[in-house]
Amino acid sequence: MRKIEMVDLVAQYGRLKSQIDSAVLDVIASGQYINGKHVDDFAANLAALTGARYAIPCANGTDALLLALIALDLKPGDEVIIPDFTFIAAAEVVAMLRLTPVPVDVDYKTFNIDAGKIAEAVTDRTRAVIPVHLFGQCCDMDPIIKVAKEYGLYIVEDNAQSINAVYTFPDGERRTAGTMGDIGTFSFFPSKNLGCYGDGGAVVTDNERFARKLKMLTVHGQERKYEHVIIGCNSRLDNLQAAVLNVKFTHLNDDTAARQSAAKAYTERLAGCEGFLETPYVRQESSHVFHQYTLKICNGRRDELKLRLAKQGIPSMIYYPVPVHRQPAFKNLVKQGGDLRVSEELSQSVLSLPMHPDLTAEQIDFIAAEITKQIR
Ligand SMILES: *Cc1c(COP(=O)(O)O)cnc(C)c1O
């Protein structure tokens, strides 16, 4: 059996080698390294996939969030609602811009921001909310959009983990993750569902004014060369990385399906562990693209199980061990948006298993059998 990895990028490369090699060598031979055909093609591919009118590549997913918030023109001290249980990037960019991050508790079942608790956290300084579509499934966007409309809040969707996920509104309308708010942000970090061989990111929007501004922000605030209309930065996707992404793009649907069947196999094989652990809940309103397959381990035995699995050669990860409001850098920066009990509880019980499109049935069987053996 092949060595089990959380994400097996080497196996994926083996599968795509001839396509990737020729795309990469073409770029090197072309002499065009910054911007270029592959970047333009990638922007078009992302727009087509998501259904967004504009897609603007940038350097990474954290920059994508930063650019999105700058584009909204918020004022220092304005409050931005974020989930408390998440990767730190959303909190970080909010604080970096001297805005106030307001962490709100999450929903126990889905790990996503609890839509029902957003209104309580709104004050007269609240300007925006950042729903993070965590682990591969969409936040409950229908009520989030309603609250945002009621209080006049911008919505920036952090879609670093859920590219290709689809949300169905009560009226039957279907939208892809990242296109339901004002701006959606993406990361193409190597381990994401669509990843390059370095850093990469993008923002998408339907709003022409935001699109124009976002584009300028990525190239020193210029609309024409050496004419700087606004203060911007340098945040570009490399042509080389775009070439890699365009190859992987053609496999994204298959890779997503492979993740979904791996998740199904895990859940079936772990069915006998009820009472010891909970397998991921898939909500009706959203598809799940399984960026992570995350268990909740009951009875405080998470850390013990993690160690025991490691001894059997099975890696696992705790995403995320410390909620935003408990992070040292944020202790005095955040303003808690209500009680954060679920977030606290999840940080103690979550355990993510190996998840990638190249997991084999043999590996899944082995992992599930070891978990069943160790946890009872
Ligand atoms: C990975 C990730 C980011 C940041 O993306 P980078 O490309 O690493 O900067 C932001 N938010 C979430 C939820 C992520 O998982």
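Order of appearance sets the numbers: ligands from 1, and atoms from 1 within every ligand.
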Note to self: Students should be able to answer this: which protein heavy-atom is nearest to atom 8 (O) of ligand 1, and at what distance?
What the structure shows: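 Minimum-distance protein heavy atom for atom 8 (O) of ligand 1 reads Phe189 CD1, 3.9 Å.
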
Item checked: Nearest protein heavy atom with distance in Å, relative to atom 14 (C) of ligand 1 -> Lys192 NZ, 3.0 Å

Margin query: Please find the pair of heavy atoms, one from Asp199 and one from Leu237, that lie closest to each other, and give the distance.
Written below: O-CD1, 4.2 Å

Notebook entry, point to check: Under the side-chain hydrogen bond (donor to acceptor under 3.5 Å, both in side chains) criterion, do Asn193 and Asp255 qualify, and how do the steps go?
Noted result: CA-CA 8 Å; Asn193 286 27; Asp255 282 0; over 6 Å; no

Output the list of atoms in ligand 1 that are nearer than 4.0 Å to some heavy atom of [X], sorted by atom number.
X      : value
Ala160 : 2 (C), 3 (C), 10 (C), 11 (N), 12 (C), 14 (C), 15 (O)
Val132 : 13 (C)
Asn60  : 7 (O), 9 (O)

[X] versus ligand 1: do any nitrogen or oxygen atoms come within less than 3.5 Å of each other?
X      : value
Asp63  : no
Ala89  : no
Ser187 : yes

Next item on the list: Decide ring pair (Phe, Tyr, Trp, His ring centres under 6.0 Å) for Phe188 and Phe42; before the verdict, give the C-alpha distance in whole Å, the side-chain angles of both, and the deciding distance to 0.1 Å.
Entry: CA-CA 12 Å; Phe188 308 111; Phe42 179 66; 5.0 Å; yes

Next item on the list: Using a strict 4.0 Å threshold on nitrogen-to-oxygen distance, state whether Asp358 and Arg2 make a salt bridge.
Entry: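 No, this pair does not count.
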
Margin query: Could you check whether Arg212 pairs with Glu208 (Lys NZ or Arg NE/NH1/NH2 to Asp/Glu carboxylate O, under 4.0 Å)?
Written below: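 Salt bridge: no.
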
Check: What do we get for Asp158 next to ligand 1 when only non-hydrogen atoms under 4.0 Å count, side chain, backbone, both or neither?
Finding: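 Side chain only; the backbone of Asp158 stays clear of ligand 1.
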
Next item on the list: Tell me which part of Thr62 gets within contact of ligand 1: side chain, backbone, both or neither, using heavy atoms under 4.0 Å.
Entry: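 For Thr62, backbone and side-chain atoms both sit under 4.0 Å from ligand 1.
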
Note to self: Is it the case that atom CZ in Arg341 sees more than 12 heavy atoms from other parts of the structure closer than 6.0 Å?
What the structure shows: no

Next item on the list: Answer yes or no: is there a side-chain heavy-atom contact under 4.5 Å between Tyr320 and Ile88?
Entry: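 No, every pair of side-chain atoms sits at 4.5 Å or beyond.
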
